[in-house]
> 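This is the structure I want to talk about, given as structure tokens.
Quantities reported herein were computed from a predicted structural model and do not represent experimental measurements.
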Amino acid sequence: MSSAARDALAARLRGGGSVYAEDEADLLLAAGDGDPVRLRGLVQRRLGGEPLEYVLGWAAFDGHRVRVTSGVFVPRARTAAVVAEAARRLHRYDRVVDLCCGAGAIAVALLERVGALDLVASDIDPDAVDVAAENIGDRGIVVVGDLFDALPERLRGTVDVIAVNAPYVPTDAVATMPTEARDHEHRVALDGGPDGLDLHRRIAAGAGAWLRPGGAVVIEVSESQASASARTFDANGFAAEVVHDDTVDGTCVVATLRQD
């Protein structure tokens, strides 16, 4: 496509509210693969408000392309803070759980950063599990269940790291999220209960049974909720600290299981 046509596409996208219209135009053109009918369909979906990642069929995360499908939580760049902190605590062949895995973005990134792992990913959303299984392939096991319910019993008391991006948006705040999230991603991937920390409390209460002594939970949270989340883990037998990564503007609680 000519530069004039590309500029015209970018102008259409900008008029539809795109902040990064030129970048989106390039991505849509690449996805259209020279087929004007296909490109027209992709552009119409995007102008109709569908998230770009769903239109493309993938999301960029930690230097990789992760497949996503309609309704499945789209990985955010800030979650790379969880990946970085988890990777620091892992060696090849260690046992790791990607809890509330969504599309499996954390698992994929850890496999790339660390190498082969004894990895299990879990999510309550069957659609997310299907996509995570596709992304992870034969490099791990993906199970569907509520938090720890579906984890293989062989993991009990032996996991080195539980890496988590559980929903932490307060229920009343879901309505204030960008429309691309609240109108398209499954609510179960967003709603963290009245104060956003319902899942954090459940994970803090249950994670100790699955970790080895000295193992850690690395869980994403907002800056405003971080102290409360850390206190929850402290009260459940962990030594917790808050870590903020300025590079990706991500915050997580790193909670290490006490060995006393």
> Are Val68 and Ile106 grouped together when hydrophobic residues (ILVMFWY) are joined by side-chain heavy atoms under 4.5 angstrom apart?
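Different clusters.
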> Can you pull out every side chain to side chain donor-acceptor pair (under 3.5 Å) where at least one residue sits in residues 226-240? Sequence neighbours excluded, please.
His200-Ser229
> Partners of Asp127 by side chain to side chain donor-acceptor pair (under 3.5 Å), sequence neighbours excluded?
none
> State the OG1-CE distance between Thr179 and Met177, to the nearest 0.5 angstrom.
10.5 Å
> Check Ala132 against Gly104 and note the closest heavy-atom contact, atom names and distance.
CB-N, 3.8 Å
> Run the salt bridge (Lys or Arg N to Asp or Glu O under 4.0 Å) check on Arg14 and Glu24 step by step: do they pass?
CA-CA 10 Å; Arg14 191 178 304 106; Glu24 289 197 11; over 6 Å; no
> Pairs under 3.5 angstrom only: tabulate donor-acceptor contacts from the side chains of residues 247-254 to other protein residues two or more places apart or in another chain.
from, atom 1, to, atom 2, distance (Å)
Thr247, OG1, Asp245, OD1, 3.3
Asp249, OD1, His244, NE2, 3.4
Thr251, OG1, His244, ND1, 2.7

> Please tabulate, for side-chain N and O atoms in residues 215-222, each donor-acceptor pair with protein atoms closer than 3.5 Å (sequence neighbours left out).
from, atom 1, to, atom 2, distance (Å)
Glu220, OE1, Thr79, OG1, 2.6
Glu220, OE2, Arg78, NE, 3.3
Glu220, OE2, Tyr168, OH, 2.6
Ser222, OG, Ser224, OG, 3.1
Ser222, OG, Gln225, N, 3.3
Ser222, OG, Gln225, OE1, 2.7

> Give, for atom CG of Asn165 and atom SG of Cys101, the distance between the pair rounded to the nearest 0.5 Å.
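Reported value, rounded in 0.5 Å steps: 10.5 Å.
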> Which atoms form the tightest heavy-atom contact between Gly237 and Leu257, and what is the distance?
O-CD1, 3.8 Å
> Could you give all pairs that pass the ring-ring contact (aromatic ring centres under 6.0 Å, His included) test and reach residues 7-64, with sequence neighbours left out?
none
> Looking at every heavy atom in both Ala21 and Leu13, which two are closest together, and how far apart are they?
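That would be O-CD1, 3.7 Å.
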> CH2/Trp210 to CD1/Ile162 distance, rounded to the nearest 0.5 angstrom?
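The CD1 atom of Ile162 is 9.0 Å from CH2 of Trp210, to the nearest 0.5 Å.
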> Nearest heavy-atom pair of Ala107 and Asp98: which atoms, and what distance?
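Where Ala107 meets Asp98 most closely, the heavy atoms are N-OD2, 3.1 Å.
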> Quick one: side chain to side chain donor-acceptor pair (under 3.5 Å) partners of Thr69, sequence neighbours excluded?
none
> So which heavy atom on Val144 is nearest to which on Ile124, and how close?
CG2-O, 3.9 Å
> Taking all heavy atoms of Asp123 and all of Gly102, pick out the closest pair and write down the distance.
OD2-N, 2.8 Å
> Does one hydrophobic cluster hold both Leu27 and Leu29, with members joined at side-chain heavy-atom distances below 4.5 Å?
yes
> Does a side-chain N-to-carboxylate-O contact under 4.0 Å join Arg89 and Asp160?
no
> Evaluate side chain to side chain contact (heavy atoms under 4.5 Å, CB included) for Arg139 paired with Val108, printing each intermediate quantity in order.
CA-CA 9 Å; Arg139 297 177 293 171; Val108 169; 4.1 Å; yes
> Do Val82 and Val243 sit in the same hydrophobic cluster, where Ile, Leu, Val, Met, Phe, Trp and Tyr count as joined when their side-chain heavy atoms come under 4.5 Å apart?
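Yes: a chain of side-chain contacts under 4.5 Å links Val82 to Val243.
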> How far does CG of Asp191 sit from CG of Asp198, to the nearest 0.5 angstrom?
8.0 Å
> Kindly indicate whether the side chain of Leu155, heavy atoms from C-beta on, has any atom under 4.5 Å from the side chain of Pro152.
yes
> Are Asp7 and Glu22 packed together at the side-chain level, in the sense that at least one heavy-atom pair is separated by less than 4.5 angstrom?
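No - every pair of side-chain heavy atoms lies 4.5 Å or more apart.
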> Under the side chain to side chain donor-acceptor pair (under 3.5 Å) definition, can you give me all pairs with a residue in residues 25-35, not counting sequence neighbours?
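Checked against side chain to side chain donor-acceptor pair (under 3.5 Å) - neighbours excluded - the pairs reaching residues 25-35 are Arg6-Asp26.
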> Residues two or more places apart in sequence or in another chain: which of them pass side chain to side chain donor-acceptor pair (under 3.5 Å) with Glu223?
none
> Which salt bridge (Lys or Arg N to Asp or Glu O under 4.0 Å) pairs, counting each pair once, include a residue from residues 48-74, with sequence neighbours left out?
Arg45-Glu50, Asp62-Arg113, Arg67-Glu134
> Can you check whether Arg92 reaches Leu117 side chain to side chain, under 4.5 Å on heavy atoms?
no
> Can you tell if the side chain of Asp118 reaches within under 4.5 Å of the side chain of Asp94, non-hydrogen atoms only?
no
> State, with a plain yes or no, whether a side-chain heavy atom of Asp125 is found less than 4.5 Å away from one of Glu185.
no
> In chain order, what residues pass the ring-ring contact (aromatic ring centres under 6.0 Å, His included) check against Phe238, with sequence neighbours excluded?
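Phe238: ring-ring contact (aromatic ring centres under 6.0 Å, His included) contacts with Phe233.
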> Going through the checks in order, is the side chain to side chain contact (heavy atoms under 4.5 Å, CB included) test met by Leu52 and Leu28?
CA-CA 9 Å; Leu52 178 66; Leu28 290 168; 4.1 Å; yes
> So, do Arg12 and Val43 sit near enough that their side-chain heavy atoms are less than 4.5 Å apart?
yes
> Counting N and O atoms only, with roles assigned by atom type, does the side chain of Thr171 sit under 3.5 Å from a partner on the main chain of Gly193, one being a donor and the other an acceptor?
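Yes; judged by distance alone, with no hydrogens or angles, the pair exists.
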> Transitively linked via ILVMFWY side-chain contacts under 4.5 Å: Val55 with Leu9?
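Both belong to a single hydrophobic cluster.
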> Without swapping roles, check the side chain of Arg38 against the backbone of Gly34 for a donor-acceptor pair under 3.5 Å.
no
> Less than 3.5 Å apart, any donor N or O on the side chain of Arg95 or Thr158 sitting next to an acceptor on the other?
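Thr158 and Arg95 do have a side-chain donor-acceptor pair below 3.5 Å.
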> Would you check if Leu147 and Ile203 make a side-chain contact, meaning some heavy-atom pair closer than 4.5 Å?
yes
> Verify the cluster assignment for Val97 and Val161: are they in a single hydrophobic cluster under the rule of side-chain heavy atoms below 4.5 Å apart?
no
> Does the side chain to side chain contact (heavy atoms under 4.5 Å, CB included) test come out yes or no for Ile141 and Val143, once each step is laid out?
CA-CA 7 Å; Ile141 297 169; Val143 295; 4.0 Å; yes
> Not counting sequence neighbours, which residues clear side chain to side chain donor-acceptor pair (under 3.5 Å) with His184? List them please.
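By the side chain to side chain donor-acceptor pair (under 3.5 Å) rule, His184 matches no residue at all.
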> Which pairs with one or both residues in residues 102-122 pass ring-ring contact (aromatic ring centres under 6.0 Å, His included), sequence neighbours excluded?
none
